[in-house]
Q: 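This structure is in C-alpha cells; I'll ask about it shortly.
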Amino acid sequence: MAQLPPGIRFITSFSRDQWYRAFIFTLTFFLYASFHLSRKPISIVKGELHKHCAASREVELSSYREYAAQIQPVKKPSNASQCGWEPFDKNNYKQLLGALDYSFLCAYAIGMYLSGIIGERLPIRYYLTVGMLASGLFTAMFGLGYFYNIHNLWFYIMAQIANGLVQTTGWPSVVTCIGNWFGKGRRGLIMGIWNSHTSVGNILGSLIAAYWVSTCWGLSFVMPGVIIAVMGIFCFLFLIEHPKDISCSSTPSSDPEMQHLLIDTENCTASPNSSSAVTGEGRHGTSAISFLGALRIPGVIEFSLCLLFAKLVSYTFLFWLPLYITNVEHLDAKRAGDLSTLFDVGGIFGGILAGLISDRLEKRASTCGMMLLLAAPTLYMFSAVSKMGLEATVVMLLISGALVNGPYALITTAVSADLGTHKSLKGNARALSTVTAIIDGTGSVGAALGPLLAGLISPSGWNNVFYMLMVADACALLFLLRLIQKELRCNADHTLFKEH
C-alpha cells in the first residue's frame with residue numbers, strides 16, 4: 001500500500017472540528033476587514049477634497065504637456081475648483097471634514113448600543129449580511145457625489161450618518177461568532193492575530209482608495225462599497241454561528257489557566273450573588289441579557305471607559321493621519337495614503353503582542369496599562385521626529401501604531417469575549433453581543449470625539465493635536481488603575497498561597 005502524500009497527511013492530521021474553526025476564523029477575519037476597508041477612503045480622499053491653492057498655481061505655470069504626463073487623462077467635473085471639491089475648498093475645510101468624521105462616528109456610537117441588543121435577538125448570519133449589503137450601498141453613495149457632481153454638504157453628511165448606523169452590525173456579530181467557536185485558552189493570542197483584520201482592512205482600504213484618489217476619487221468609495229457587499233453575500237452563504245449548528249464540539253467556556261485574567265471582586269473570587277444581578281436564568285439559561293445586567297458584570301464599566309479614550313487616539317490617527325503626513329512631509333494624497341498604512345502595520349504587531357503578553361502574564365488590564373504608559377511619550381516623540389524627515393516618520397509610524405492599537409485591540413477582542421462569557425453569567429452565552437456592543441459603543445463615543453477635536457484643534461497647530469492625544473492616553477490608563485491594582489494584589493496573594 002502506497003504511502004499518503006505529505007499534503008494529504010497534513011490535511012488528515014487535523015480533526016473536522018479544527019478545520020471548521022480555522023474556516024470560521026478566516027471567514028470572520030475577512031468579513032470584518034471589509035468593514036474597515038470601506039471606512040478608510042474618507043481619510044485618503046481628504047487631501048483631494050481640499051488642495052493647497054498655492055500648489056495648484058505652481059502647476060498652472062508649468063507647461064500643459066509636462067502636467068499631462070504626470071496624471072492620467074481623466075475629465076474633471078466642471079465645478080471642481082483649483083482648491084479642491086466644493087464645499088470643501090474653503091478656508092474652513094478642516095471643520096467641514098471633521099464634521100464628516102463626526103457624523104459617521106457619532107451615528108456609529110449611538111447605533112452600537114442598539115446593535116448589540118438587537119444582535120442578541122436575531123440570527124447573526126442574517127443580521128450581518130443585511131448590514132454588509134447596506135454598508136456597501138452607503139459607502140458607494142458617497143462616491144456617487146463625484147460622478148453626479150454633487151456639492152451639497154448635507155448629501156455627504158447623510159451618507160456618513162447612514163453608513164455609521166449600518167456598520168454597527170459588524171463588530172458585535174463577528175465577536176460573538178468567534179467567541180462561540182474559541183474558548184478562553186490562549187484567547188489573547190488567537191484574538192490578537194484575528195484582530196489584525198482591522199489593520200489589514202485599513203491597509204487595503206488605503207491602497208485601493210489611493211489608487212484612484214488623484215484621478216477619480218469617486219471610485220475610491222465605489223470599489224470598497226462593492227467589496228463589502230460581495231463579502232456580505234459570502235457571509236450569507238458560509239457563516240456558521242455556533243459549533244452546535246453543525247454538531248461540532250464546543251470548546252470549554254472557561255480554562256483554569258485563565259482564571260486570574262479578570263478579577264471578580266476585591267477578594268479575587270466570584271460573588272455568589274452576582275449571577276442573580278446579571279441574568280435571570282440558571283446555568284443553561286437562553287434569555288438575552290439586559291443592558292443594565294451587562295453593566296453589572298465586573299470590569300465592563302472600567303474597560304468601556306478606558307476604550308473610550310484609547311479609541312479616541314486610534315481613530316484620530318485613522319481619519320487624520322494622511323492629511324497630517326501631507327502637511328508635514330509635503331506629499332501628494334496618494335503617497336501620503338500609502339505611507340499612512342505603516343501605522344496599521346505597526347498595529348498588527350501591537351495587537352498580537354498585547355494578546356501574547358496578556359496570556360503569558362494572565363493580566364489583561366496590566367498589559368493594556370503598560371502599553372498605554374509607553375504610548376503617551378511615544379506620541380510626543382512622533383510629533384517631534386516626524387518633522388525631521390521621511391525615514392524618522394516611517395520608524396515612528398510603526399512604533400506608534402503598535403502602542404496605540406495594542407490596548408484597543410486587546411479590549412475589543414479578548415477582554416470583550418472574556419467578559420461576555422464571564423463565570424458570573426453561569427453559562428448564559430447570549431450576553432456576548434450585548435457586552436461587546438457596550439464596550440465598543442462606549443469606545444465609539446471617543447472615536448467620534450477624537451477626529452472632531454482634531455478638526456477643531458489642528459488650525460492652531462498639529463502639536464496641540466498630539467498634546468490632546470497624550471492626555472487621552474493618560475485618561476485611559478487612569479480608568480484601569482483599580483483593575484491593575486487588583487490584578488497585582490491577587491497575583492501576590494496567589495504566589496503567597498503557592499509558597500505555603
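Remember, predicted model here, so these are calculated numbers, not experimental data.
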Q: Between Thr176 and Glu241, do the side chains contain an N or O donor and an N or O acceptor separated by less than 3.5 Å?
A: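 No, because no side-chain N or O of Thr176 sits under 3.5 Å from a partner of the opposite role on Glu241.
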
Q: List for me each residue that meets side chain to side chain donor-acceptor pair (under 3.5 Å) alongside Lys40, sequence neighbours excluded, and say none if there are none.
A: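 Not a single residue meets the side chain to side chain donor-acceptor pair (under 3.5 Å) criterion with Lys40.
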
Q: To the nearest 0.5 angstrom, please state how far the CG atom of Leu379 sits from the CE atom of Met470.
A: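 The CE atom of Met470 is 6.5 Å from CG of Leu379, to the nearest 0.5 Å.
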
Q: Taking the six-membered ring of Phe236 as reference, does the cationic atom of Arg125 (NZ for Lys, CZ for Arg) lie under 6.0 Å from its centre and within 45° of its axis?
A: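 Yes, Arg125 and Phe236 form such a contact.
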
Q: Consider only side-chain N and O atoms of Asp440 and Thr436, and report whether a donor and an acceptor are under 3.5 Å apart.
A: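 No pair is found: no donor N or O on one side chain lies under 3.5 Å from an acceptor on the other.
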
Q: With rounding to the nearest 0.5 Å, note down the distance linking CE in Met231 to OG in Ser38.
A: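 These two atoms lie 12.0 Å from each other.
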
Q: What residues, two or more places apart in sequence or in another chain, satisfy side chain to side chain donor-acceptor pair (under 3.5 Å) together with Glu302?
A: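 Counting only residues at least two positions away or on another chain, Glu302 forms a side chain to side chain donor-acceptor pair (under 3.5 Å) with Arg482.
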
Q: So for atom CZ, which belongs to Phe88, do other residues, nucleotides or ligands contribute more than 12 heavy atoms lying within a distance under 6.0 Å?
A: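 Above 12, so yes.
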
Q: May I ask you to check whether Asn195 and Thr413 show a side-chain donor-acceptor distance below 3.5 Å?
A: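 Side-chain D/A pair, Asn195 to Thr413: absent.
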
Q: Roughly how far apart are Ser340 OG and Ile44 CD1, rounded to 0.5 Å?
A: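 Between atom OG of Ser340 and atom CD1 of Ile44 there are 4.5 Å.
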
Q: Quick check, are the ring centers of Phe35 and Trp171 under 6.0 angstrom apart?
A: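 No; Trp171 has its ring centre 6.0 Å or more from that of Phe35.
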
Q: For the residue pair Tyr32 and Ser173, confirm or rule out a side-chain donor-acceptor distance under 3.5 Å.
A: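 No, Ser173 and Tyr32 have no side-chain donor paired with an acceptor closer than 3.5 Å.
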
Q: Please report whether the ring centroid of Tyr146 lies less than 6.0 Å from that of Trp217.
A: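 When the ring centroids of Trp217 and Tyr146 are compared, they turn out to be within the sub-6.0 Å range.
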
Q: Can a side-chain donor-acceptor contact be found between Trp85 and Tyr93 if the only test is distance below 3.5 angstrom?
A: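 There is no such pair (donor and acceptor under 3.5 Å, judged by atom type) between the side chains of Tyr93 and Trp85.
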
Q: In Å, rounded to the nearest 0.5 Å, how long is the span from CG of Asn405 to CG of Asp344?
A: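 Nearest 0.5 Å value for the CG-CG distance: 6.5 Å.
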
Q: Decide if the gap between the ring center of Phe309 and the ring center of Tyr408 is smaller than 6.0 angstrom.
A: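 Ring centres of Tyr408 and Phe309 not closer than 6.0 Å.
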
Q: Ring centroid separation for Tyr380 and Phe466, is it under 6.0 angstrom?
A: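 No, the ring of Tyr380 stays outside the 6.0 Å limit from the ring of Phe466, centre to centre.
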
Q: Under 6.0 Å between ring centres: does that hold for Phe317 and Phe343?
A: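 They qualify: ring centres under 6.0 Å apart.
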
